[in-house]
2 protein chains.
Amino acid sequence: MRISTRGEYGLRAMFYLALKHGQGPIPLKTIAEEQGISEHYLEQLMGALRRSGLVSSVRGAQGGYSLSRPPKEITVGDIIRVLEGPITPMDCLDGAGKEAECGFLGPCAMRRMWKRLQDSMESVLDSTTLACLAEEALFFEEEHA
Amino acid sequence: MRISTRGEYGLRAMFYLALKHGQGPIPLKTIAEEQGISEHYLEQLMGALRRSGLVSSVRGAQGGYSLSRPPKEITVGDIIRVLEGPITPMDCLDGAGKEAECGFLGPCAMRRMWKRLQDSMESVLDSTTLACLAEEALFFEEEHA
DNA sequence: GGTAATTCCCATTGATTTAGTCGGGATTGA
DNA sequence: TCAATCCCGACTAAATCAATGGGAATTACC
């Protein structure tokens with residue numbers, strides 16, 4: 001039940017981009033250094049985020065990555081789904097016909113429990129936006145100042 | 001964010017034992033056949049569950065496994081923690097001093113988000129007992145009859 | 001007491017995933 | 001042009017997953 005470094009690093013990178021939103025493209029190198037992440041590894045993650053449309057990139061000198069939507073329109077769930085796949089504790093909940101496998105479609109009590117778990121996970125991840133995170137970080141920074 | 005087969009199989013086995021609770025020890029072979037799980041693999045899981053005190057075992061002929069507490073006193077969370085480790089999306093939430101690692105103890109907005117996720121997961125898993133699952137299964141079986 | 005049933009324990013293995021690394025090619029601003 | 005940057009595919013070492021295999025210890029039953 002762990003998020004891997006893909007999700008963790010990817011979210012941290014996106015959080016950083018949210019803080020810099022509106023300041024033009026940020027080079028990968030800056031993000032990686034600032035967040036203490038291997039540059040090459042982060043590159044792979046940013047590639048996935050770009051292909052999914054969450055960030056856009058500009059090549060060449062002065063290039064870099066930026067959010068393709070405002071921070072309040074990007075949820076943590078969006079990011080995690082791109083980097084970690086569907087948010088589900090059990091494959092049988094992931095649509096795509098896989099549910100037939102267990103042979104207890106109707107009366108599978110465990111499946112209903114897993115579904116409740118999935119719903120509770122998605123409700124947290126889909127209700128938290130990058131803007132939420134940035135705001136929260138700012139609030140607690142002030143409080144500790 | 002997936003439960004592995006350890007948690008899945010282990011829960012299924014425990015659910016089966018809950019249905020048979022009070023009928024004496026159930027041999028591993030029966031559980032494995034009934035639930036379609038590799039006997040040898042399930043053996044390892046039952047070993048862990050025994051060492052954690054959730055089931056007790058009787059060796060020799062007529063032996064087997066049984067729940068060491070009534071089904072309503074065993075939660076899904078109990079089982080998952082034994083077989084999958086602590087329920088947490090991120091290591092830094094798992095006490096034991098690991099939290100210092102990220103260097104953002106106070107103002108880490110992401111950490112607070114992960115904590116909310118963890119809480120929501122634990123609240124589902126810790127509030128569902130084997131008795132709940134058994135009851136639910138019975139209810140839906142009737143409904144579909 | 002013998003035997004079959006059964007748990008218990010340790011080691012091994014093949015496949016997959018994770019968390020990177022490496023090297024180079026394409027694009028663009030100055 | 002050239003330096004900064006993104007882009008892409010291949011490779012790898014380590015860990016984890018999902019078992020498999022072999023055999024020792026225990027016990028009910030005849």
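Labels below follow one simple rule: chain letters A, B, ... track the order of the sequence lines, proteins then strands, and each chain is numbered from 1. Any value given below was found using the heavy atoms of this structure, including those in side chains, with hydrogens, waters and symmetry copies removed.
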K.L.:
Send over the distance from Leu83(A) CG to dT18(C) C1', rounded to a whole Å.
P.N.:
14 Å
K.L.:
Shortest non-hydrogen contact from Ser68(A) to Ser56(A)?
P.N.:
CB-OG, 3.6 Å
K.L.:
With the side chain counted from C-beta on, respond yes when Lys72(B) and Glu135(B) share a heavy-atom pair under 4.5 Å apart, and no when they do not.
P.N.:
no
K.L.:
I'd like to check Arg2(B) versus Thr88(A) (side-chain heavy atoms, cut-off strictly below 4.5 Å). Are they in contact?
P.N.:
yes
K.L.:
Apply the side chain to side chain contact (heavy atoms under 4.5 Å, CB included) test between Leu17(A) and each candidate in Leu49(A), Leu67(A), Leu54(A), Leu130(A); give the one that qualifies.
P.N.:
Leu67(A)
K.L.:
Might you list the N or O atoms of the protein lying below 3.5 Å from N or O atoms in nucleotides 17-23 of chain D, with each pair's distance?
P.N.:
from	atom 1	to	atom 2	distance (Å)
dA18(D)	OP2	Thr5(B)	N	3.2
dA18(D)	OP2	Thr5(B)	OG1	2.7
dA18(D)	O5'	Thr5(B)	OG1	3.3
dA19(D)	OP2	Tyr9(B)	OH	3.0
dA19(D)	N7	Gln44(B)	NE2	3.2
dT20(D)	OP2	Ser38(B)	OG	3.0
dT20(D)	O4	Gln44(B)	NE2	2.9
dG21(D)	N7	His40(B)	NE2	2.5
dG21(D)	O6	His40(B)	NE2	3.3
dG22(D)	O6	His40(B)	NE2	3.0

K.L.:
Side chain of Gln118(A), backbone of Pro89(A): donor and acceptor closer than 3.5 Å?
P.N.:
no
K.L.:
Expressed as a whole number of angstroms, how long is the span from Lys29(A):NZ to dA3(D):P?
P.N.:
14 Å
K.L.:
Group every Ile, Leu, Val, Met, Phe, Trp and Tyr by side-chain heavy-atom contacts under 4.5 Å, then state whether Met46(B) and Val58(B) land in the same group.
P.N.:
no
K.L.:
With heavy atoms under 4.0 Å as the rule, sort Gly47(A) into base, sugar-phosphate or nothing.
P.N.:
nothing
K.L.:
Thr128(B) side chain to Val76(B) main-chain N or O, any donor-acceptor pair under 3.5 Å?
P.N.:
no
K.L.:
With heavy atoms under 4.0 Å as the rule, sort Arg2(A) into base, sugar-phosphate or nothing.
P.N.:
nothing
K.L.:
If you compare every side-chain N and O of Ser57(B) against the phosphate oxygens of dT6(C) (OP1, OP2), does one of them come in below 4.0 Å?
P.N.:
no
K.L.:
Could you state the atom-to-atom distance from CE of Met46(A) to P of dC8(D) in whole Å?
P.N.:
14 Å
K.L.:
Keeping Arg111(B) on the side-chain end and Cys92(B) on the backbone end, is there a donor-acceptor pair under 3.5 Å?
P.N.:
yes
K.L.:
Quickly work out the Leu42(B) CG to dT7(C) C1' distance and round it to whole Å.
P.N.:
12 Å
K.L.:
I need the CG-P distance between Leu45(A) and dG20(C), as an integer number of Å.
P.N.:
10 Å
K.L.:
Backbone N or O of Leu28(A) within a donor-acceptor pair of the Glu39(A) side chain at under 3.5 Å?
P.N.:
no
K.L.:
Provide a list of protein-nucleic acid N or O atom pairs under 3.5 angstrom, restricted to nucleotides 28-30 of chain D.
P.N.:
from	atom 1	to	atom 2	distance (Å)
dA28(D)	O4'	Ala61(B)	O	3.3

K.L.:
Between Tyr65(A) (OH) and dT27(C) (P), how many Å, whole number?
P.N.:
15 Å
K.L.:
Whole angstroms only, please: what is the CG-P distance between Leu28(A) and dG20(C)?
P.N.:
14 Å
